[in-house]
Amino acid sequence: MLPAFSLVIPCFNEQARIGETLRVSLDYLAANAPESELIVVNDGSTDATAAIARERLARAPVAARLLENFPNRGKGAAVRSGLLAAREPIGLFSDADLSTPLGETPKLIEPIANGDIDVAFGSRALDRSLIGVHQPWRREQGGRVFNLLVRVATGLPFWDTQCGFKAFRLDVCRPILEAAQIDGFAFDVELLFLAHRAGLRIREIPVRWNHAEGSKISFFRDSLRMLREVIALRARADRN
């Protein structure tokens, strides 16, 4: 059994898969960490995501809540809302497509619960043999270039800041979550950057991962936006 933790799943217009995602998540928690809680954050969806989630959570075998962000604010805002609402000492967020299987959860939760680290995050880059279904070639190469630029711009020593599977010791990470400003897809970089600057113990951990169709990221538009957000993050840090 795993120690109790809060599982946060942000979602935006995920009606096609949110029901199955929540079924899998609730079954996993009930079997492996029954004292845990599930927090679903609906980020201003315009489809039936909220209704499906509400119906599924009403029959949850563990503690479960639906939070509503209106209007749509971005994935970063949704993740922060969920983590700041968490009642357990460890918060883990996972993408709604469960591209990292929940069976990888112990890799992140256990070293935090044991007091070894403060932040643990999944990585596709440290052991690419763990990738089952790859992204399209252009997107995968673009991700590698983005992470290289992140390393140059921020000085972070990590190889995959964008994997949507990260866990936090919430007592020490709460000030970072409250201080973070990026609501878009570069929020991961900001959280790691702030944690690194604060001297928190961070570990990048190789995890299994599978590409899932239906990504909300536009390769060119969002990549440029994320780069602008990372540059702005570094500029703010230099001013301070």
Are [X] and [Y] joined in one hydrophobic group, where the rule is that I, L, V, M, F, W and Y side chains link up if heavy atoms are under 4.5 Å apart?
X: L29; Y: L57; answer: yes
X: V119; Y: V8; answer: yes
X: L108; Y: I202; answer: no

Taking the side chain as everything from C-beta on, heavy atoms only, tell me whether [X] gets closer than 4.5 Å to [Y].
X: L191; Y: K166; value: no
X: I39; Y: S81; value: no
X: H196; Y: T154; value: no
X: K75; Y: F12; value: no
X: V40; Y: L22; value: yes
X: Q135; Y: W209; value: yes
X: T21; Y: E14; value: no
X: I90; Y: L92; value: no

Begin from the C-alpha positions of E140 and H211 and carry the test side chain to side chain contact (heavy atoms under 4.5 Å, CB included) through to its verdict. CA-CA 10 Å; E140 188 167 278; H211 172 65; over 6 Å; no
Between [X] and [Y], is there a donor-acceptor pair closer than 3.5 Å when you use the side chain of the first and the backbone of the second?
X: R201; Y: D116; result: yes
X: R151; Y: F158; result: yes
X: D43; Y: R73; result: yes
X: E37; Y: R87; result: yes
X: D47; Y: Q15; result: yes
X: N69; Y: G44; result: no
X: N42; Y: E68; result: no
X: N13; Y: T46; result: yes
X: R56; Y: L26; result: no
X: S6; Y: G91; result: no

How long is the span from the CG atom in L102 to the CZ atom in F165, to the nearest 0.5 Å?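 Going from CG on L102 over to CZ on F165, the span is 6.0 Å.
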Contacts under 3.5 angstrom, residues 174-186 side chains, donor-acceptor by atom type, not counting sequence neighbours:
unit_1 : atom_1 : unit_2 : atom_2 : d
R174   : NH1    : L84    : O      : 3.3
D183   : OD1    : R80    : NH2    : 2.5

Tell me the ring-ring contact (aromatic ring centres under 6.0 Å, His included) pairs involving residues 62-96, sequence neighbours left out?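 ring-ring contact (aromatic ring centres under 6.0 Å, His included) check on residues 62-96 returns F93-F187.
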Enumerate the residue pairs fulfilling side-chain hydrogen bond (donor to acceptor under 3.5 Å, both in side chains) with a member in residues 27-36, sequence neighbours excluded, ordered by first and then second residue.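 The answer is R23-D27.
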Have T161 and N147 got a donor and an acceptor in their side chains that come within less than 3.5 Å?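 Note: T161 and N147 side chains meet the donor-acceptor criterion.
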Using every non-hydrogen atom in the two residues, find where R208 and T100 come nearest and quote the distance to one decimal.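 Looking at all heavy atoms of both residues, the shortest contact is O-CG2, 3.4 Å.
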Nearest atoms (heavy-atom pairs only) where V207 meets L130: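 Heavy atoms of V207 and L130 come nearest at O-CB, 3.5 Å.
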Between F146 and V230, does a side chain to side chain contact (heavy atoms under 4.5 Å, CB included) hold up when you go through it step by step? CA-CA 10 Å; F146 176 78; V230 170; 4.2 Å; yes
Is any NZ, NE, NH1 or NH2 atom of the basic residue among R17 and E20 found under 4.0 Å from an Asp or Glu carboxylate oxygen of the other?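 Salt bridge: no.
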